[in-house]
Amino acid sequence: MSELLDVRGLTTGYGDLRVAWDVSFSVGQGEVLALLGRNGAGKTTILRAIMGLNAMHAGSVAFAGQDLRRLPTHKRVELGIGIVQEGKRLIGDMTVEENLRLGAQVRRWGRGELAGRYEWAYEMFPVLRARRGSPAETLSGGQQQMLAIAQALMPRPRLLLVDEPSAGLAPAIVGDVLASLVRLRETGMSIVLVEQSVDFALALASHVVVVDLGRVVLSCPAGADGLREAVRDAYFGRGGARAGAQAPA
């Protein structure tokens, strides 16, 4: 499997504050990588650095073989990277379709192409079709999350970064959001998923990376024997998970 995203020795943070150090992982075409860890571990900061929203102090990030270090965020979107930030980031008084149109702005779609992208979004997320003329703020939490994902997909990315998609949702709705991401995985979309819920992440991921205090402490396939125990140890320090540790195969 060829590497679509390659992160090597990434050190990043906010201004002079370093939040993540020497982070390395790769994501293949069609692979889903779950980036797990406790609150404050540095997961969101790593996603933001991949997208160019945070400065890189060291290391490299390459997408489809191209070095991203000097590329601004909008150029990364044009290359084929999308991001769904935590908190949905929708414009509440704009309709569903208007929010989708915002997501498509980076591409100069013709009228027919744009109509095709709307249709694709509504087929992927059928619940949005009936609400296409409704303000985004009138949607349920789960519907808003689906709209945020659909918005990020409008430019037709090859890699989607998704930050805490289950956060703040009722348990009954979390399953709907998970199902939408499973459908994306089945289309061959590559995904980097930041998620607090281990069950949610393992239902979707093909590979797991756990970060603690800004460093990778565990990296292994999602189907590895003993993975849940290894993730628990990495979260809570039982057994002293060491940096770069591998779960038993």
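Using modelled atom types, no side-chain atom of R18 and backbone atom of T11 make a donor-acceptor pair closer than 3.5 Å. No donor-acceptor distance shorter than 3.5 angstrom exists from the side chain of N99 to the backbone of A148, with no hydrogens or angles considered. Side-chain atoms of T12 never come within 3.5 Å of backbone atoms of A20 as a donor-acceptor pair (strictly under, hydrogens ignored). Not a single donor-acceptor pair under 3.5 Å links the side chain of R228 to the backbone N or O of D199. Counting only distance, with no hydrogens or angles, the side chain of R183 and the backbone of L178 share no donor-acceptor pair below 3.5 Å. Q196 places no side-chain N or O within 3.5 Å of a backbone atom of E164 that could act as its donor or acceptor partner. Between the side chain of K43 and the main chain of G37, a donor-acceptor pair closer than 3.5 Å is present. Proximity of a side-chain donor or acceptor of Q145 to a complementary backbone N or O of G141 within less than 3.5 Å is not detected. In this structure, R8 contributes its side chain and G59 its backbone to no donor-acceptor pair below 3.5 Å. Side chain of T73 to main chain of M51: a donor-acceptor pair is present (N/O by atom type, distance under 3.5 Å, no hydrogens or angles).
Rounded to the nearest 0.5 angstrom, H57 NE2 and W21 CH2 are separated by 10.0 Å. The CG atom of L79 sits 4.5 Å away from the CD atom of Q66 when rounded to the nearest 0.5 Å. A distance of 6.5 Å separates CG of L128 from CG of L139, quoted to the nearest 0.5 Å. Of the inter-residue distances, the one linking R48 atom CZ with L161 atom CG reads 12.0 Å to the nearest 0.5 angstrom. Between the CG atom of L213 and the CZ atom of R215 there is a distance of 9.0 Å, given to the nearest 0.5 Å. Residue I81 holds its CD1 atom at 6.5 Å from CG of L5, rounded to the nearest 0.5 Å.
Salt bridge status for K75 with E78: present, with a side-chain N to carboxylate O gap under 4.0 Å. Between E119 and R129 a salt bridge is recorded (basic side-chain N to carboxylate O distance below 4.0 Å). A salt bridge links R38 with D212: the distance from a Lys NZ or Arg NE/NH1/NH2 to an Asp or Glu carboxylate oxygen falls below 4.0 Å.
With a 4.5 Å cut-off on side-chain heavy atoms, L160 and L184 count as touching. Two residues are said to be in side-chain contact when any heavy atoms from C-beta on lie closer than 4.5 Å; V182 and E186 meet this criterion. Contact annotation: the side chain of L47 never approaches that of N54 to less than 4.5 Å [non-hydrogen atoms, C-beta and beyond]. F125 is not listed as a side-chain neighbour of Q143, based on a closest heavy-atom distance of 4.5 Å or more. Proximity of R158 to F63: side-chain heavy atoms (C-beta onward) are separated by under 4.5 Å at one or more points. Contact of the T95 side chain with the R132 side chain is not registered, since no non-hydrogen atoms from C-beta on lie closer than 4.5 Å. The side-chain heavy atoms of V27 and E3, taken from C-beta on, include no pair separated by under 4.5 Å. Put simply, the side chain of S24 does not reach to within 4.5 Å of the side chain of V216, judged on heavy atoms.
Shortest non-hydrogen contact noted between A201 and L193 is CA-CD2, 3.9 Å. Closest heavy-atom contact between A152 and V84: CB-CG2, 3.6 Å. Residue L4 comes nearest to S190 through the heavy atom pair CD2-OG, 3.6 Å, listed as atom of the first residue, atom of the second, then distance. Here the closest non-hydrogen pair linking L202 and L227 is CD2-CD2, 3.7 Å. Between G13 and T45, the closest heavy-atom pair is CA-CG2, 4.0 Å. Heavy atoms only, all atoms of each residue included: M154 and A104 are closest at CB-N, 3.8 Å.
No donor-acceptor contact under 3.5 angstrom links the side chains of Y118 and E123, judged on distance only. Under the 3.5 Å distance criterion, with hydrogens and angles disregarded, a donor-acceptor pair is assigned to the side chains of H207 and S219. Defined by atom type and a distance below 3.5 Å, a donor-acceptor pair is present between the side-chain atoms of D163 and T44.
Following chains of ILVMFWY side-chain contacts shorter than 4.5 Å, one can reach M146 starting from Y122, so the two form part of one hydrophobic cluster. Residues V192 and V77 are members of one and the same hydrophobic cluster, defined by side-chain heavy-atom contacts under 4.5 angstrom among Ile, Leu, Val, Met, Phe, Trp and Tyr.
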